[in-house]
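Convention: sequence-line order gives letters A, B, ...; per-chain numbering from 1. Just so you know, these numbers come straight off a predicted model, no measurement behind them.
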There are 2 protein chains.
Amino acid sequence: MRVSAKHLSDVTVALLKAMGVDAREAKTVADNLVMAEKRGIATHGVNFLPLLADRIEHGQVIIPTKVTVISDADAVTHLDGGNGLGQTAATQGMRSSIDKARRFGIGLSLIRNTNHIGLLAYYTLMAANEGLVGVCMCNGAASMAPWGGAEPFFGTNPFSVAAPGSDGTPVVLDMSTSIAARGKIRRALRLKERIPLGWALDAAGSPTDDPQAAMGGTLLPIGGPKGYGMALFIDLISGLLAGSKYSRDVKTFHKPEGPTGVGVTTLAIDIARFMPLDAFRSLVGEYGRAIRGSAKARDTGRIYLPGEIEAERERTSAERGIEVDAPVCQSLDKLLEKSGLPMRMKDGEVPA
Amino acid sequence: MRVSAKHLSDVTVALLKAMGVDAREAKTVADNLVMAEKRGIATHGVNFLPLLADRIEHGQVIIPTKVTVISDADAVTHLDGGNGLGQTAATQGMRSSIDKARRFGIGLSLIRNTNHIGLLAYYTLMAANEGLVGVCMCNGAASMAPWGGAEPFFGTNPFSVAAPGSDGTPVVLDMSTSIAARGKIRRALRLKERIPLGWALDAAGSPTDDPQAAMGGTLLPIGGPKGYGMALFIDLISGLLAGSKYSRDVKTFHKPEGPTGVGVTTLAIDIARFMPLDAFRSLVGEYGRAIRGSAKARDTGRIYLPGEIEAERERTSAERGIEVDAPVCQSLDKLLEKSGLPMRMKDGEVPA
């Protein structure tokens, strides 16, 4: 079903408030989840609402989120997310990184003991929209093996980096260190689709195109040992150094098995320390034009900058609504009903 | 030929001095190149000496290296490498990042206008050996296309990250953002070997196993659009933001076509801001044991941590010498002869 972004946002905020989330936090979480939907990253969108409701009900996400400052000195901040909403903690982490970067040129926050933070680009774009380079990374529940291994040990440990662009559209990379995000496999499972070979190994360590077998096996890292090393270091910094859970101890958000213990890193760099921001924007504009104008491979219609496809989808979604999978629509309607809320997904339906 | 590490180091220092490099710089460059050889990264080793001699002779690397501080405030430093030796500039950059990290928790240096910096792990290990997390990245001559493109635009833009380990052996990742480093293709060319399909495209954009065709085409990024995005951001920060050359303007070190204009980023994080260094070392030790002890895929004899194979090779090389390719031995002997130096590679030969 295609629903208006406004309606999806209203539904999300209403559901969060019904779960007991206060207005300020509900806005942050809704902005994050709906931004993912607008950008076409359905794996990080409103499908999290039923999971979140379940966790809050089981007392496994504590609201209101109480972020504690463990230390705050010079250019670095160490936060405890209080096993609350990941979006609240990561937003505060990036806020602190940006403020530090303005004062010291660079700012770093490590956050322990939080939960799924949703779309990482949300945080790096905060920095980019304020004229800084933003970096965000986090660990997650084990789904990738060490290179040569057959047992889930690392999360797909994603990272994002963003920088201001020339025309108000930042350049933003948001990627997992696996060839495919686990959410894409979950989505294939939900939609009863096969997955491409090369995404995952089954529990015996053999290639598989069955999302169910992949869920019981391991995801393959990008570049083999390279992606393994990247996942390891993201875990080492965001998890181990942050004092959070790491490796096999991080719990999935998808089953209420206890606090996930996710650890997060946010970092910001003040561009103005190295060149005037306007000069940087102008160079990035030229850079983008040069990339788009470079020789194309046969069958390539257009070369995109990182985040450009997503930014276009975001604009289209704002105008023409967001396509939400039928199972997700049903689960949200069920949740609305259970919460005693009169609104339904179809109230916001727009023609496809 | 297998030569002792001591002899290879003596030859390297003697050749650098014969080129006019002063003793202090010669030691840094030799340490870097010989560390690469010891670690089995022959693509970043003493094969650079003839190229360097050529560049210095053509006035395209300026010695002694004069690194200029463009700005140094709070936690960030901006350096100009004076088109000198890359190892000198990158060492100074990491030195500054480490000192800043001790004072502010994190330190960042951007370096413009330098040259090939050799083995990146050399710099990140400096940080790790002093109890910090070290990060280093740089751009390079264009050899990868944007995703969907067919024209070299980005270097293989490598990065390295290292952290202290429990037993004095840091964990260190050192990787390019391409599936294979360009040096591996050059080496295959030198040794007249084929390359695996999947490493590169030819100039027409088709897969190739011919290293010559690959040199005229483009290298493939890890994870497709992911590696493209990583290469782009490494260039954007190390090149564009540093005020250095970037994208197609970075020149190769392998032909004396003018200053390469390489840009470098070094970053250090003070572990002690987040937990006592001893506790961190101890956790990393447990972490490594858990990784090594996790379930192996069939055919896997042993699971390695990032940098572990290289660290073992480094120890073996110190004991049993370094295998140097015949063409490299010949080119070094030629250079020794031309420089009027009496030593030869075979003087340091050790039994295989």
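For the pair B:Phe159/A:Met230, a side-chain contact is recorded, criterion being any heavy-atom separation below 4.5 Å from C-beta on. In this structure, the side chains of B:Glu151 and A:Lys296 stay at 4.5 Å or more apart for every pair of heavy atoms. Put simply, the side chain of B:Pro146 does not reach to within 4.5 Å of the side chain of A:Arg292, judged on heavy atoms.
With a threshold of 4.5 angstrom between heavy atoms, B:Ile269 approaches chain A through side-chain atoms but not through N, CA, C or O. Both the backbone and the side chain of B:Ser294 come within contact range of chain A, each with at least one heavy atom under 4.5 Å from a heavy atom of that chain. In this structure, no portion of B:Ala279 lies under 4.5 Å from any heavy atom of chain A. Contact annotation for B:Val133: only side-chain heavy atoms (C-beta onward) come within less than 4.5 Å of a heavy atom of chain A. At a 4.5 Å heavy-atom cutoff, the contact between B:Val172 and chain A is made by backbone atoms alone. For B:Phe274, the parts lying near chain A are the backbone and the side chain together; criterion is any non-hydrogen pair under 4.5 Å. Of the atoms belonging to B:Ala73, heavy atoms from both backbone and side chain fall under 4.5 Å from chain A.
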side-chain hydrogen bond (donor to acceptor under 3.5 Å, both in side chains) between B:Lys226 and A:Ser176, worked out: CA-CA 8 Å; B:Lys226 298 185 180 192; A:Ser176 68; 3.0 Å; yes
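Counting heavy-atom pairs under 4.5 Å between each of B:Ile179, B:Ile291, B:Leu201, B:Ile222 and chain A puts B:Ile291 at the top.
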